[in-house]
Amino acid sequence: MSKKLTDFLQNYLKKKSIFKNKKALQSNYTPKNVPYRGEQINQLAGILAPALRMEKPSNVFIYGRPGTGKTLVARHVINDILKIAKENNINIKTVYLNCKLKKIADTEYRLIAQISREFEENVPATGLPTDEVYKIFLRSLEKKKQILIIVLDEIDQLVKKIGDEILYNLTRLNSELKESEVSFVGISNDLIFIDNIDPRVKSSLSEEEIVFPPYNAIQLQKILRQRSSLAFFDSIIGDGVIEKCAAYAAREHGDARRALDLLRVAAELVERKNEEKIIVDYIDKAEEKIERDKVFDVVIAQPKQYKLTLYSTLQLCNGNNKGIFTGDIYNTYRENCSRCGIKPLTQRRLSDIIAELDMLGIINAKVISKGRYGRTREISLAIPEATVENINQVLKEGLGL
DNA sequence: CGAGATTCATGTGAAGTATACCTTTAGGCTTAA
DNA sequence: AAGCCTAAAGGTATACTTCACATGAATCTCGTA
């Protein structure tokens, strides 16, 4: 190890961190109290409380824009219920699942398999019939009398992808159970989601509804202050920093997660620069970085073929801002395939991949008709200009080009 | 000139295929009585 | 004879391919004013 590096690491260890508890700013942190969500907490607690008497709670749907505290409130209420249940020896179990996660809960099979794994069942990734997995799950649930509360986050994404039949199957679960009972808490960012599903399913799965309004700037400030007092040592935050974070996040339909991310990333930048105070300028830098990282993380998590498709799109968009079409991308894609020795997929499949990249918000794809010249998707990038080059770089390396 | 037919390039649905993995079953081998 | 291992048979989910038909406005065609 070089002298320089050793020194750096030594110093790093000695240096006092500006964070008291960095976790308090991370998005999966559950604070002790949740400001401005008292009403929603009471509603949800009221709905779920019957579980403590071993009665099945009503199913609930929770709606609200991103970053309005839906997941947080659900976690909070459930934690408390679990705590009380434990103190009083009541048999309640809860499962939290994010339906958006690729390869984990993005199909009916995987969803049920994942829930079953929470019961220490060993369910293979493929090979079993889906109803067999249902049986494993039900059997496991019936081993002893209990109330199960399943929280399905971003359930709208799942239904968009595989259709609403799964919801119907979920509603029927209780009729197969003798001892235990299951309740669902569905969380959705899409406010009109429930209107587009089968009315029968709707009535049984959405017995109750809770709506989360966005936070306003004042509320965001309060939240930020509360969390930052947990996260930082005193007097680290400069004037106007909190206000600016709140203002930026309020602009994005009151997204508290974004506000907290801004503050955290800004602090990380400060720390890395060996400075001691967060000043307003860092918020702008943080904003840029978040924007960049957000796309980065999504892109990096994609399978190879998706990356290659995106890379080809990037190539075509570069410097050429008149619309590009599916056919163009496919040609470029094929070239790139042969360059890095990957077997090309069919255009049919690429069409689906483009649609998925569109859903992920990395590109904008709109089906248009060019009249005499056919029908196609008109595609443009949804990535901020400044990050294109970076992403291009990462893709290039990832694909060995 | 304008209504209706044509056309193109690809969207899109359905069905088929490859792969990877599962359970069941039957046969063969080992083991212990 | 009982127990265990292995391989074949028969099954599924998922990602992808193949096939076939659907789309929809620019362009073409042709009858009419």
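All chains are named by letter (A, B, ...) in the order of the sequence lines, taking the proteins before the strands, and each is independently numbered beginning at 1.
- In this structure, A/Lys370 forms a cation-pi arrangement with A/Phe325, its terminal cationic atom sitting closer than 6.0 Å to the ring centre and no more than 45° off the ring axis.
- No donor-acceptor contact under 3.5 Å links the side chain of A/Arg349 to the base of C/dT17.
- For A/Pro124, whose side chain is taken as the heavy atoms from C-beta onward, the closest listed nucleotide among B/dG11, B/dC21, C/dG24 is B/dC21.
- If you check every strand for non-hydrogen atoms under 4.0 Å, A/Pro344 touches sugar and phosphate atoms only.
- Distances shorter than 4.0 Å separate none of the side-chain N or O atoms of A/Arg372 from OP1 or OP2 on C/dC28.
- A donor atom on one side chain and an acceptor atom on the other are found under 3.5 Å apart for A/Glu108 and A/Asn169.
- Listed here is the closest heavy atom pair of A/Gln146 and A/Lys93: OE1-CB, 3.8 Å.
- Here the nucleotide nearest the side chain of A/Thr326, chosen from C/dA15, C/dA13, B/dG11, is B/dG11.
- Checked against C/dT17, C/dA13, C/dT27, the side chain of A/Thr130 finds its nearest nucleotide in C/dA13.
- Comparing C/dT12, B/dT10, C/dA15 against the side chain of A/Lys103 picks out C/dA15 as the nearest.
- Side-chain atoms of A/Arg348 and base atoms of B/dG13 include a donor and an acceptor less than 3.5 Å apart.
- Checked against C/dG24, C/dT17, C/dT27, the side chain of A/Arg375 finds its nearest nucleotide in C/dG24.
- With distances taken from any side-chain atom of A/Arg110 to the nucleotides B/dC21, C/dT23, C/dT14, the minimum falls on C/dT14.
- Minimum atom distance to the side chain of A/Thr346 is reached by C/dT18, of the listed C/dA15, C/dT18, B/dC21.
- Ranking C/dT14, B/dG11, B/dC22 by closeness to the A/Thr107 side chain, first place goes to C/dT14.
- Note: A/Tyr306 OH to A/Leu345 CG = 9.0 Å, rounded to the nearest 0.5 Å.
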